[in-house]
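Below you'll find the structure, written out as structure tokens, and then a few comments.
Per chain, numbering begins at 1; letters A, B, ... match sequence-line order.
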Amino acid sequence: MKLTLEFGGGLELLCDSKKIHNVNVEQQNGEDKLTMKDLLSWVRTNLIKERPEMFMKGDTVRPGVLVLVNDCDWELSGQLSTSLEEKDVVVFISTLHGG
Amino acid sequence: MKLTLEFGGGLELLCDSKKIHNVNVEQQNGEDKLTMKDLLSWVRTNLIKERPEMFMKGDTVRPGVLVLVNDCDWELSGQLSTSLEEKDVVVFISTLHGG
Amino acid sequence: DAAPNKGLSPEMIYRYSRHLLLPNFGVSGQENLFNSSILVVGAGGLGSPALLYLAASGVGRLGIVDHDLVELNNMHRQIIHTESYIGQPKVKSAASACRSLNSSIQVVRHQEALRTSNALEILTKYDIIVDATDNAPTRYLISDCCVVLGKPLVSGAALGLEGQLTVYNHNGGPCYRCLFPTPPPTTACQRCADSGVLGVVPGIIGCLQALEAIKIATSVGEPLSGRMLLFDALSARIRIVKIRGRSLQCEACGENSKFTQQQFREFDYENFTQTPLSVSPLKLKL
Amino acid sequence: DAAPNKGLSPEMIYRYSRHLLLPNFGVSGQENLFNSSILVVGAGGLGSPALLYLAASGVGRLGIVDHDLVELNNMHRQIIHTESYIGQPKVKSAASACRSLNSSIQVVRHQEALRTSNALEILTKYDIIVDATDNAPTRYLISDCCVVLGKPLVSGAALGLEGQLTVYNHNGGPCYRCLFPTPPPTTACQRCADSGVLGVVPGIIGCLQALEAIKIATSVGEPLSGRMLLFDALSARIRIVKIRGRSLQCEACGENSKFTQQQFREFDYENFTQTPLSVSPLKLKL
Ligand SMILES: [Zn+2]
Ligand SMILES: [Zn+2]
């Protein structure tokens with residue numbers, strides 16, 4: 001499944017300072033469905049190069065990270081259970097405090 | 001064909017000061033295809049309430065109006081001959097000079 | 001506590017004529033602005049343009065909270081301060097700049113750090129709060145205080161080459177805790193002093209904060225509530241995304257929350273976020 | 001004609017420390033900025049924040065062109081000017097504000113209206129041009145002059161509750177005439193004086209102009225060339241759209257165009273657009 005993943009607010013530093021990743025994610029166990037839970041584990045394995053604890057805590061993102069699926073907060077689509085479709089855009093962004 | 005039309009930069013004043021119009025445009029002559037040329041004539045008949053010369057000149061938009069089909073300048077898709085598809089977003093915006 | 005309700009003087013009609021001509025704004029917009037009061041917490045990178053534009057636009061009473069002194073290394077982004085104010089309180093410098101732009105409004109100085117002991121008393125005097133601060137505990141403190149007092153909060157942040165903006169606690173929208181119930185690890189809370197910031201990035205976000213505060217004060221347009229603006233200066237890309245609504249489970253604003261003024265006063269924001277609320281003003285070491 | 005090439009002094013290292021910390025900017029970004037020269041045409045609503053942020057950021061030589069006087073009815077949006085400068089030249093007021101923010105840069109005053117007779121001579125002294133003017137003929141004049149001289153142009157505009165921004169004539173991208181080969185009818189050219197403008201809208205666009213100029217001066221990031229930003233303050237919506245490339249048929253920059261300095265000097269922009277290049281400064285009638 002082809003997806004566009006974007007990292008921002010400093011999270012890009014965890015994956016070679018690259019903000020936009022066009023990726024092709026293989027579905028797990030030959031299933032058709034890919035959920036955000038599957039994607040998070042794929043990202044952790046394949047994209048996060050350092051300090052994984054700055055990206056995840058337990059089986060979800062760490063506090064202070066917003067997750068957006070097609071410009072929409074994943075809280076509105078079911079968080080970890082959100083189903084992804086071909087060409088979806090998923091943004092991971094760390095909240096900023098500076099001024 | 002369902003389209004979203006947006007007017008900006010003062011052009012909204014020509015259509016009841018409403019910027020966003022969700023419209024359903026009937027194809028001409030029973031054809032499947034709808035081009036920007038067809039849409040312009042539809043807009044002129046159905047949406048423009050006053051001063052049509054501020055919107056069109058001849059069979060195209062007047063100088064100083066940018067036309068965007070799905071966030072892309074219509075010069076890149078063939079201007080009047082651009083084919084439209086279901087759910088396309090067409091923006092008409094007048095260039096501003098103020099500061 | 002609002003500014004005295006009165007119409008526009010002939011001088012004000014001339015000064016604000018470009019606002020009065022706006023069909024969507026007009027005389028009632030300008031009068032609403034003049035009868036409103038807005039508090040900007042932080043006279044730094046975000047507060048500089050926010051304060052200048054709010055003062056210029058004709059907000060009737062404009063409050064400024066800050067405890068810092070102007071430093072030379074602020075000046076690449078904090079355009080409200082001039083070199084002649086280096087070493088003096090930011091509140092004094094910012095208030096003077098606002099008054100020199102617009103002597104017809106009231107500018108109130110709060111030269112102190114915002115803490116649980118003074119926040120209720122200060123914020124209650126204003127209609128709208130602008131969060132232009134630079135650290136996590138103060139952001140939770142301001143949001144909770146706005147929830148307890150029922151005030152809309154225009155929240156901006158900038159770091160590096162990125163900025164973020166939203167409106168909290170307005171028209172049934174979420175508060176800061178609805179989005180971030182658990183504070184981030186302290187290692188994730190970079191500050192401008194550690195990581196740097198391109199000066200004009202908080203400039204852009206601060207201007208947008210002034211705009212949102214003006215929209216709320218005048219009931220003109222759709223405020224950025226339930227939406228968040230994400231700005232990436234490097235690629236010149238801007239996303240406006242839909243965020244969650246008010247959370248029923250929110251400890252501050254949720255349905256069953258009993259977060260009171262008393263609890264707010266006793267809440268330990270430094271312990272909650274494991275971060276100090278403010279560092280004391282640095283001594284200049286030039 | 002650039003500012004003298006030299007490294008950063010210890011004072012500059014302290015002043016710009018938040019820039020130097022930025023991985024994408026750093027010492028070379030700051031040095032590039034210090035060795036660059038930027039001209040802002042217009043010290044009004046767009047020019048105010050653009051000039052303040054360019055001065056604060058450390059542009060080595062900053063030029064200002066304007067022939068107008070500061071008026072009270074400018075002050076709702078032109079935050080670079082203070083009440084004490086009412087009736088004085090905007091260039092004088094703006095230059096003084098820039099110097100008080102940053103005494104370590106060179107600020108050059110051009111107290112005159114830009115015309116075909118002086119534009120080549122003025123623009124040629126700068127690396128990057130910022131169009132912060134308010135009328136159609138001047139926008140064509142500046143773009144053509146930038147094409148003839150091969151200078152990048154950061155163009156912003158604001159009116160009512162909307163703003164627009166793009167970079168012309170940069171890296172093979174289009175010029176103003178590529179987009180608008182024929183001038184609009186004069187009835188379509190509203191000015192802020194006729195239609196009004198919410199003060200903070202040019203504030204936001206002017207800040208974004210400063211950002212784009214800084215990105216070009218430092219070769220950091222992707223400038224907004226071949227793209228245009230459309231801002232709607234009322235609904236808090238921002239579009240960044242893809243626009244056409246350089247037009248082969250463009251009369252200014254096209255392949256077969258022979259638009260020379262001589263032709264530029266003789267071109268009648270007022271007749272072309274049926275609009276005067278500038279109105280003389282108004283007398284105050286308070
Ligand atoms: Zn809440
Ligand atoms: Zn051209």
Side-chain angles (χ1 to χ4, degrees), chain C residues 11 14-25 49 52-53 56-58 72-73 75-79 81-84 100-103 160-161 192-201 203-204 207-208 210-212 214-215 220-224 227 229 233-238 240 286, chain D residues 11 14-25 49 52-53 56-58 72-73 75-79 81-84 100-103 160-161 192-201 203-204 207-208 210-212 214-215 220-224 227 229 233-238 240 286:
Chain C
E11 190 193 297
Y14 183 58
R15 178 192 282 268
Y16 304 118
S17 55
R18 304 292 189 264
H19 283 171
L20 305 181
L21 284 165
L22 282 170
N24 292 304
F25 199 85
L52 290 173
Y53 279 101
S57 74
L72 180 60
N73 63 2
M75 303 205 63
H76 77 114
R77 72 183 190 282
Q78 301 185 12
I79 56 150
H81 309 300
T82 56
E83 288 178 1
S84 58
S100 68
L101 281 186
N102 194 344
S103 58
L161 294 150
C192 297
D194 311 322
S195 312
V197 61
L198 186 67
V200 70
V201 175
I204 293 159
C207 284
L208 288 165
L211 171 63
E212 292 304 313
I214 290 169
K215 284 160 67 181
V220 165
E222 300 159 44
L224 206 68
R227 295 184 291 160
L229 182 146
L234 207 58
S235 60
R237 295 195 315 146
I238 299 175
I240 294 169
L286 259 190
Chain D
E11 189 192 299
Y14 183 58
R15 179 192 282 269
Y16 303 118
S17 55
R18 304 293 190 262
H19 283 172
L20 305 182
L21 283 165
L22 282 169
N24 292 304
F25 199 84
L52 291 173
Y53 279 100
S57 74
L72 180 60
N73 63 2
M75 302 204 62
H76 77 113
R77 71 183 190 284
Q78 302 184 12
I79 55 149
H81 309 300
T82 56
E83 289 178 0
S84 58
S100 69
L101 281 186
N102 194 345
S103 58
L161 293 150
C192 297
D194 310 323
S195 313
V197 61
L198 186 66
V200 69
V201 175
I204 292 160
C207 284
L208 288 165
L211 171 64
E212 291 304 313
I214 290 168
K215 283 160 67 180
V220 165
E222 301 159 42
L224 207 67
R227 295 183 291 159
L229 182 146
L234 208 56
S235 59
R237 294 194 317 145
I238 298 174
I240 293 169
L286 258 191

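- With a threshold of 4.5 angstrom between heavy atoms, D:L229 approaches chain C through side-chain atoms but not through N, CA, C or O.
- Counting heavy atoms from C-beta on, the side chains of D:R18 and C:N73 come closer than 4.5 Å.
- Of the two parts of D:I238, the backbone and the side chain both hold a non-hydrogen atom closer than 4.5 Å to a non-hydrogen atom of chain C.
- Ranked by non-hydrogen atom pairs under 4.5 Å with chain C, the options D:A210, D:G221, D:A56, D:A233 are led by D:A56.
- Considering only heavy-atom pairs separated by less than 4.5 Å from chain C, the leading option among D:T82, D:V200, D:V220 is D:V200.
- Proximity to chain C is limited to the side chain of D:R227, based on heavy atoms less than 4.5 angstrom apart.
- Side-chain contact between D:N24 and C:L198 is absent, with no heavy atoms from C-beta onward closer than 4.5 Å.
- Looking only at distances, no side-chain donor or acceptor of D:H76 sits under 3.5 Å from a matching main-chain atom of C:S17.
- Rounded to the nearest 0.5 angstrom, C:L208 CG and D:L208 CG are separated by 7.5 Å.
- In this structure, OH in D:Y16 is found 14.0 Å from CZ in C:R77, a value given to the nearest 0.5 Å.
- Closest heavy-atom contact between D:C207 and C:I204: CB-CG1, 3.5 Å.
- Considering every non-hydrogen atom in both D:L224 and C:A236, the closest pair reads CD1-CB, 3.7 Å.
- The two residues D:L72 and C:E11 have their closest heavy-atom pair at CD2-CG, 3.6 Å.
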query: Stepwise, does the side-chain contact (heavy atoms from CB on, under 4.5 Å) test hold for D:L234 with C:K215?
result: CA-CA 8 Å; D:L234 208 56; C:K215 284 160 67 181; 5.9 Å; no
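- Most heavy-atom pairs under 4.5 Å with chain D: of the set C:S235, C:P23, C:G199, this distinction falls to C:S235.
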